[in-house]
Amino acid sequence: MVAATGNADTTVGHGELIKAVERALTTHGRALLTGPAGAGKTEAVGALAAAASTRHETVLRLAPEAADQWIPEASAAALLASVPCAALERLSGPQRTAIALLRREADAPRAGRDHVALRLAVVEVLRTLAARTPVLLVLDNAQWLDAESTDLLRFALRLTPPRVRVLVAECVQGGAPVGGPLCGPGTPEIRVPPLGADEVAELLARHGLPARLAGRIHQASGGNPRLALALGHSLAEAAEARDASAHHADPLPLSGQAREVARRLLAEAPARARRTLLLAALAARPTTALLRRAGRPDAEAELAEAERAALVTVGEDGAVAFTAGALPMALAADAGWPERAAGHAALAAAVDDPVQAVRHRALAVDTPDEWLAAEITEAAAACRRRGKRALAAELGLLAAERTPSNRPGDELARLVAAAEDAGWAGRADLARRATRAVLARDASPADRVRARLAVIDAAGQALAALDETFAYAMDDAAADPALQAAVQLRIATKYNLSDGDPVRSRDAAAEAGRLAARGGDQVAEAMALTVRARMGRILGDPDAEDILAEALALPAPEVPLGMRNAPQYLAVRHALFDDRLADARRQLLVLLPAVRRTGSAEDVFEVLRSLTEVELRRGRCAVASAHARRALELTIEAGLSPGPAWYAAAMAEAMGGSFARAAGYARRGIQASEEEHDQVFLSRSLYALGLTELATGEAAKAVATLRRVAELEAAQQVVDPSILRWHGELAEALVAADAPDEAAELLGAVRTVALGLGRTAVVAALDRARGLCLSAHGDAEGAVHLLQATADRFGALQLPVERGRTLLALARVERRRRRRAPARAALSAAAEVFTAAGAKPWAELASEQREPAPSEGGTALALAALTEAETRLALLVAEGASNQEAAAKLFVSVKTVEARLTRIYQKLDVRSRAQLATTLRTR
C-alpha cells in the first residue's frame with residue numbers, strides 16, 4: 001500500500017480507457033476496472049493515480065498480492081500503515097488503539113480487538129484526509145483482498161464523503177467478484193480492451209522489438225500486453241540463439257516467460273474443463289458439436305466456464321475460438337504424449353472432413369506406416385487442389401515422418417513437395433524445416449534447388465539475408481539452364497526489392513530469359529520478360545510496353561514466384577499507373593478468384609492491394625478501405641511481410657478514414673520495411689506519411705519525410721513519375737515551408753520527364769503544385785487560372801479526390817489575394833467532391849478552412865494573406881516561443897524565422913510580439 005507520487009506514462013493503446021475511467025470517477029465517484037491478467041490494469045491505474053497526484057490530490061494505493069488473501073485484515077493493515085500520522089491525531093482513544101493494534105499485530109489473533117472501533121477509525125481517517133484535499137483510493141488486484149479487509153472497506157466506503165473517490169481494479173478470472181460489492185450498486189464497470197495490431201506494434205517498438213512481428217504476436221497474444229511482450233522477448237531470444245533475425249512468419253516460441261504467462265491465464269480454467277480445452281486446441285476448427293462427438297458430453301457447460309475466464313469465445317453456431325493463439329499452443333505443449341495421442345484419436349473418429357480425419361490419425365501414432373503415409377500424401381494433394389497450401393505443407397512433412405526408412409525415394413519426394421507448398425504459402429518455418437531435411441539426404445541437385453527456392457519464396461520481402469541460399473542454389477543448378485533461370489528470377493526480385501537496384505534486376509531478368517529459352521521453359525521466359533518490363537517502366541524505358549506485350553503472348557504462368565511476376569498482373573499495374581482505372585479494376589476482379597484458388601496468400605494480398613489503390617484513385621474510398629482491411633487481416637493471418645499491408649492501410653486511412661490513423665499505419669510500415677530492408681515499400685510508407693503531414697499542415701515535417709522518398713527513389717534510379725507520385729506533394733510542402741524556388745526547380749525537371757512519357761495525370765498533379773508556386777511568387781492571377789484548369793482536367797480524368805485537392809489549393813490562393821467569395825465557392829465545391837468520394841478527412845479539412853464571417857473584419861483578411869509557414873510561425877510566436885524555439889519546432893534556421901517574422905509584421909501591420917498576440921487573439 002503506497003501513496004502515489006511522480007508521473008506515469010499512459011499505457012500503450014489505453015488512452016481512451018483512461019479517459020473513460022476519469023469520466024466515471026468524476027460522475028459517480030466510483031469506477032471498477034476489470035480485465036484478464038496482463039491486460040494492463042495496473043499500468044492504467046498507475047497513470048490515473050499519477051494524474052491525481054499531479055492535481056495535488058491525496059492518493060492512497062493498495063495492491064495486495066496473492067498470498068495476502070489468506071491473512072485476515074492484511075490489506076486493511078497495509079492501508080492504515082500508509083496513512084500519515086497527522087490523520088490519526090483526531091481519532092478517539094478506542095479508535096487509535098484499534099488501529100495501533102492492527103498496524104503492530106496484523107497477524108495476531110483477532111479475538112479481543114474492537115472491530116467496531118476499527119471500522120469507525122477507517123471512516124474517520126478518510127474523512128480527515130478528504131477535508132484537506134480530494135482523495136483517490138486505488139485498490140489494485142482487488143481479487144486478492146482478504147475477506148475481513150473487504151468487509152471493513154465495504155463498510156467504510158458507504159460512509160465516506162463525495163471527495164473520496166474510489167478506483168478498483170480486479171482480474172476477471174478466479175473466484176467471486178469483489179469489486180462490485182465493494183464499490184456498491186450502480187458503479188460503472190469498465191473492461192480493459194485488448195490491444196489492436198497497430199497498438200501491439202507500438203508496444204513492441206517501445207521495447208526495442210521488431211514491429212514486423214506485430215501481426216503474428218497480436219494474433220498469438222489476443223492483444224494481451226503482458227503476453228505480447230513475453231512472446232516478443234521469446235522471439236528475440238530465439239533469434240539471438242540461432243544468430244539470425246526472426247522471420248515474420250516463424251512459429252512463435254512459447255517458452256520462458258511467454259509460457260508462464262499463458263499457463264497463468266489457463267490456470268483459471270476449472271480442472272474439468274481442461275480436457276475439453278485440450279481437444280479444442282488439437283482440433284483445426286473446434287465446435288461444441290465436434291467436442292461432444294469426441295467424448296465431452298458437457299462441452300457447452302465446460303466451455304461456458306472457460307468463456308467466463310476469458311479463455312475462449314463460443315459463437316452462436318458453436319464455433320470455439322481461443323482469445324489468444326498462445327493458449328492452445330500452451331495446452332498442447334503441456335499435455336503429455338499419451339494425452340495428445342488420445343485426443344487426436346478421439347477427434348479422428350469425430351471430424352467429418354476426410355483430410356482432418358487423416359491428419360488426426362497420423363498425429364495419434366508415432367511409428368512409420370507406409371499405408372498411412374500414402375493416405376497423408378493424398379490428403380496433402382487434396383489440400384493443394386483446394387488452395388490450402390499451408391496445410392498441404394504440414395501434411396507433406398507429416399507424410400515424410402511416417403514414411404518407413406526402406407522407402408527413401410518416397411520420403412524425399414514428400415519433403416520436396418512439402419517445401420514447395422510451404423514456399424507457395426509463405427510459411428518460412430515449414431519451408432526451412434523441409435529444406436533442412438532434403439539437404440540432409442542424398443538428394444539430386446534438382447531437388448536441392450527446388451527446396452532452396454522454396455525457402456526464398458517463403459521469405460516474402462525479407463530477401464536481404466538470403467545471399468548464401470542464392471549462392472548454393474546457383475551452384476546446384478549449374479548443369480540445368482531451366483533451374484538456373486528459376487534462381488536468376490529470384491535474384492532479379494532481390495536486386496529490386498532489397499537492394500533497390502532496378503538496373504541489376506533488369507539484367508538478371510534478361511539472363512533468366514536467355515536461360516529459360518535454352519531450357520525450353522516458356523513460363524519462366526514469360527516471367528523473365530515481365531520482370532524486364534517492370535524494371536523498364538521504373539527506368540523510363542520506352543520499350544517497356546513492347547516487352548510486356550511479348551510476355552503476354554507466351555503461356556500464362558501459374559508459378560511459385562507468384563502473381564506479382566505474371567505478365568497479366570503487370571498489365572493491371574500499368575493500367576493503374578496510366579489511370580486506366582476501369583480497365584485495371586475489371587482485370588483485378590477477374591484475377592481475384594483465380595489467385596484464391598492457387599492458395600497463395602501473397603497473391604491474394606497483391607490483388608487486394610491493387611484494388612485498394614485503384615478504388616482510392618477512382619474516389620471510392622469506402623470500398624478501398626474494405627479492401628485494405630481484408631489485405632491487413634490476410635497479412636496477419638498468413639504471416640506475410642507486414643510492410644506492404646501497413647502501407648495500403650495508411651493510404652486508405654489518408655483518403656477515407658483518419659489522418660492520425662494514417663500516420664500511425666505509415667510509421668508501422670516504415671519500421672517494418674526498414675527491419676526487412678525492403679526499399680520499395682519503405683519509400684511508399686514514407687510517401688504515405690509525408691502526404692499525411694502535408695495535409696495536416698506540418699509542412700516542415702512533410703518536406704523532411706518526402707525528401708527521404710526522393711533520396712530513395714534517386715538511389716533506386718526511378719525515372720517514371722507515375723509509379724509513386726511524390727513529386728507534387730514535395731513541391732507543395734516546399735511552397736508551404738517558404739521554399740517556392742526549390743519547388744519550382746523540382747517541378748520543372750519532373751514535368752519534362754512526365755510530358756516526355758505522356759503521363760497526363762502526373763502533369764496535372766505537378767500543375768497543382770505549380771499553381772501554388774505561382775501564388776507564392778506573386779502571380780495570383782496566373783495561379784488561379786492554372787488551378788481552375790487543373791481542377792477541370794482532374795474532373796475529365798475522373799480522379800475526384802485529386803480534383804478536390806486542387807479546389808482546396810485554389811481556395812487558399814483566393815484567400816491570399818483576399819477574394820472571399822471565390823474562396824468560399826472553391827471550398828464548398830471541394831467539400832462536395834470529397835463527401836461524394838467518401839474522402840472523410842479531406843471533407844473535414846475543407847470544412848475547417850471555411851472563410852471567416854464578414855463580422856471578423858479586416859484582421860481576418862490580413863491573416864488570410866499569410867502563407868501556411870507564416871501562419872504557423874505567427875501562432876508559435878503569439879504563444880510565447882522565442883525565435884530559437886520556433887526555429888527548432890519548424891525545422892528551419894533562426895535567420896529564416898527572423899525573415900518570416902518581418903514579413904508577418906508587415907502584412908498584419910504590427911510592430912511587436914505583443915501586438916501580434918493581441919491580433920491573433922482578436923481573430
Side-chain angles (χ1 to χ4, degrees), residues 416 419-420 422-424 426 428 431 435 445-464 466-539 544 547-548 550-571 573 595 598 600 602-603 606 641 678-680:
V416 172
E420 291 185 325
W424 194 296
T435 298
D447 284 340
R448 291 200 298 272
V449 172
R450 290 167 63 194
R452 293 188 198 278
L453 292 181
V455 171
I456 294 168
D457 293 342
Q461 314 298 106
L463 298 175
L466 294 178
D467 286 342
E468 190 174 307
T469 304
F470 281 113
Y472 278 117
M474 280 301 294
D475 184 63
D476 284 332
D480 188 330
L483 288 175
Q484 285 181 300
V487 179
Q488 280 288 347
L489 277 169
R490 273 78 170 182
I491 291 173
T493 298
K494 189 256 185 188
Y495 282 152
N496 179 49
L497 199 62
S498 301
D499 300 344
D501 192 337
V503 172
R504 292 180 73 191
S505 178
R506 179 196 61 194
D507 294 345
E511 177 62 16
R514 286 191 290 271
L515 290 165
R518 279 176 50 199
D521 188 341
Q522 284 191 309
V523 167
E525 194 176 353
M527 296 178 70
L529 287 166
T530 302
V531 176
R532 282 180 57 200
R534 178 185 291 113
M535 297 306 106
R537 176 86 187 213
I538 290 171
L539 296 166
I547 296 171
L548 177 57
E550 189 179 345
L552 288 166
L554 291 170
E558 185 180 342
V559 287
L561 269 178
M563 179 56 65
R564 66 182 181 276
N565 290 309
Q568 292 79 11
Y569 183 64
L570 184 59
R573 296 296 296 174
V595 295
T598 69
S600 169
E602 196 159 11
D603 282 354
E606 278 293 323
S641 292
D678 179 350
Q679 302 301 299
V680 172

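Quick caveat: nothing in here was measured; it's all calculated off a predicted structure.
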Taking the side chain as every heavy atom from C-beta outward, state whether [X] and [Y] have any atom pair closer than 4.5 Å.
{"X": "Val487", "Y": "Ile456", "result": "no"}
{"X": "Arg490", "Y": "Leu453", "result": "yes"}
{"X": "Pro567", "Y": "Leu529", "result": "no"}

Closest non-hydrogen atom pair, [X] against [Y]:
{"X": "Leu483", "Y": "Ala477", "result": "CB-CB, 3.7 Å"}
{"X": "Val455", "Y": "Ala431", "result": "CG2-O, 3.9 Å"}
{"X": "Ala526", "Y": "Ala551", "result": "O-CB, 3.6 Å"}
{"X": "Gly500", "Y": "Pro502", "result": "O-CD, 3.5 Å"}
{"X": "Ala473", "Y": "Val449", "result": "O-CG2, 3.7 Å"}
{"X": "Ala528", "Y": "Ala509", "result": "CB-O, 3.4 Å"}

Give, for atom [atom1] of [X] and atom [atom2] of [Y], the distance between the pair rounded to the nearest 0.5 Å.
{"X": "Leu554", "Y": "Met527", "atom1": "CG", "atom2": "CE", "value": "12.0 Å"}
{"X": "Leu463", "Y": "Leu497", "atom1": "CG", "atom2": "CG", "value": "6.0 Å"}
{"X": "Arg504", "Y": "Ile491", "atom1": "CZ", "atom2": "CD1", "value": "9.5 Å"}
{"X": "Arg506", "Y": "Asp501", "atom1": "CZ", "atom2": "CG", "value": "9.5 Å"}
{"X": "Lys494", "Y": "Ser505", "atom1": "NZ", "atom2": "OG", "value": "11.0 Å"}

- prompt: Would you say Thr435's side chain and Ala451's backbone share a donor-acceptor pair under 3.5 angstrom?
  reply: yes
query: Between the main-chain N or O of Asp467 and the side-chain N or O of Tyr472, is there a donor-acceptor pair closer than 3.5 Å?
result: no
Could you tabulate the donor-acceptor pairs under 3.5 Å formed by side-chain atoms of residues 516-523, not counting sequence neighbours?
{"unit_1": "Asp521", "atom_1": "OD1", "unit_2": "Val523", "atom_2": "N", "d": "3.2"}
{"unit_1": "Asp521", "atom_1": "OD1", "unit_2": "Ala524", "atom_2": "N", "d": "3.0"}

message: Just to verify, what does Asp476 make a side-chain hydrogen bond (donor to acceptor under 3.5 Å, both in side chains) with, not counting sequence neighbours?
response: Arg448, Arg452
- line: Partner of Gln488 under side-chain contact (heavy atoms from CB on, under 4.5 Å), picked from Asp507, Val531, Leu515, is Leu515
- request: Return each pair, listed once, that meets salt bridge (charged side-chain N to carboxylate O under 4.0 Å, His left out) where at least one residue sits in residues 523-533; pairs must be two or more places apart or across chains.
  value: none
task: Give a yes or no on whether Phe470 atom CZ has more than 12 heavy-atom contacts from other residues, nucleotides or ligands under 6.0 Å away.
output: yes
task: Could you walk me through whether Gln679 and Asp499 pass side-chain contact (heavy atoms from CB on, under 4.5 Å), step by step?
output: CA-CA 7 Å; Gln679 302 301 299; Asp499 300 344; over 6 Å; no
